[in-house]
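For reference, the structure discussed in these notes is given below.
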Number of protein chains: 2
Amino acid sequence: MNSPRKLTHPLALAVLVLLFEKPMHPYEMAATLKQRGKEQSIKLRYGSLYTVIRQLEREGFVEATGTERAGARPERTTYRLTETGEAEMKGWLSALVSEPVKEYRQFEAALSLLPALPPKEAQALLAQRLGRLDEGQRKLQSELAGAAAINLPPLFLIETEYALALLRAERTYVKALIDGIETAELGGMKQWHQWHADRAAARGSH
Amino acid sequence: MNSPRKLTHPLALAVLVLLFEKPMHPYEMAATLKQRGKEQSIKLRYGSLYTVIRQLEREGFVEATGTERAGARPERTTYRLTETGEAEMKGWLSALVSEPVKEYRQFEAALSLLPALPPKEAQALLAQRLGRLDEGQRKLQSELAGAAAINLPPLFLIETEYALALLRAERTYVKALIDGIETAELGGMKQWHQWHADRAAARGSH
DNA sequence: CCACGTATATTCGTTACCGAATATACGTGG
DNA sequence: CCACGTATATTCGGTAACGAATATACGTGG
């Protein structure tokens, strides 16, 4: 259940799931993921795709069923899922669903370093972010609307709904933070101003 | 503002910010980050620390001020921030604050592949996650309480508050998703059950 | 009918990132 | 007083991940 997996790239899990449906060649996997809009939630790079497939093969989770030549296109290798591959897929996906993993978000890093910027600047930059977050929200919503318009069941959109929920939460938080800075209700504002004032003074006197 | 940075690892930004305060040697940077609890929001690995410092030096953002030997400890190299390094720090941090960046969350990938698991199992796994999320929430809250107890100003805890806000949003979403599956209010449940039933049947008939 | 953009399909070289090893000194309990 | 765990401080080697190159065929508008 909690075993350290040999592979870590989520794209490898996507490959296992795709091969669980039916055998495919790598390029078709990529095309399928794109067509279903999954490249929004799973980072898809051709270099990485072929890399993870080689790894999956090395671990015995997938195997080549032979190379074909359809029409006169370049040659291609089709893969299928093995028994252990199916087990790996179920175990890995189950773990990802049931166990939250620690992830390092860039904005979290930025917040933890925010005091390095003067308060006024920080506030203005956060306001800019607010606008960009609204943009992003609109984009996700129109994506959802578009999918609903072609009768795609919500089941296949849950990852987008999740992303939207997180985006909304971030917006709310950023708004509160801006207010906290503006009204100085955020504890530590004095030290923050002071530190930058001292630094400016030190600069001035040489 | 939107320039492609030479360095991308957030730890490099942390180094710039630390050197903005005062010259330091690498190990002291690591110790400082840990002491301030910033390793929660910025991934800190010794291997990466020395790597990014070499890169920062190559780009001219930091420079060695010489190697010292305090007491009889191993030799160490102290670095300081250059002028361009200070500019880089301000530009980079500003960009991170004002511009949301696309990030691929593991759970988003998991949700987009969820239909590969039978609905009942998916629901049970999501319920497990709910419990783990509550645990995580309690941990963050006790961290915040502990920090408040030693009078650390909230300004230095904004990244933790942010993490907590996202965690709460995720909890709410997961709860709603479980309910949607249980009550079959989530659109597409029929196809989901059907696909797995068909598959089981196909297996049975060899 | 042919030039050129796009779709199909994969390989390769580079590097960021990290786990683990290395080396020295300090502290402390037996 | 010495053995062993912990703190100080850095280096090194392996590999996952990827950007970019490669190669072929198809389609289409001029």
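Numbers restart at 1 for each chain; the letters A, B, ... are given by sequence-line order, proteins then strands. The analysis underlying the following values was restricted to heavy atoms, covering all of them including side chains, and did not include hydrogens, waters or symmetry mates.
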Any-strand Watson-Crick or G-U partner of [N], both distances under 3.5 Å:
{"N": "dC26(C)", "result": "dG5(D)"}
{"N": "dC18(C)", "result": "dG13(D)"}
{"N": "dA21(D)", "result": "dT10(C)"}

Original post:
Using the ring of each side chain (for Trp, its six-membered ring), is F107(B) parallel, tilted or perpendicular to Y162(A), with breaks at 30° and 60°?
Top reply: perpendicular
Measuring from the side chain of [X] (C-beta onward, heavy atoms only), which nucleotide among [options] has the closest atom?
{"X": "K43(B)", "options": "dA9(D), dA17(D), dC18(C)", "result": "dC18(C)"}
{"X": "Y27(B)", "options": "dA16(C), dA9(C), dT8(D)", "result": "dT8(D)"}
{"X": "H9(A)", "options": "dT10(C), dC18(D), dC17(C)", "result": "dC18(D)"}
{"X": "T51(B)", "options": "dC18(C), dT10(D), dT10(C)", "result": "dC18(C)"}

Original post:
How would you label the contact of E28(A) with the nucleic acid (heavy atoms, under 4.0 Å): base, sugar-phosphate, or nothing?
Top reply: nothing
Original post:
Does a side-chain N-to-carboxylate-O contact under 4.0 Å join E121(A) and K90(B)?
Top reply: no
**OP:** Test L33(A) against L11(A) for side-chain contact (heavy atoms from CB on, under 4.5 Å), laying out the working first.
**Re:** CA-CA 10 Å; L33(A) 286 176; L11(A) 185 55; 4.0 Å; yes
**OP:** Establish, from distance only, whether the side-chain atoms of Q40(B) and Y104(A) form a donor-acceptor pair under 3.5 Å.
**Re:** no
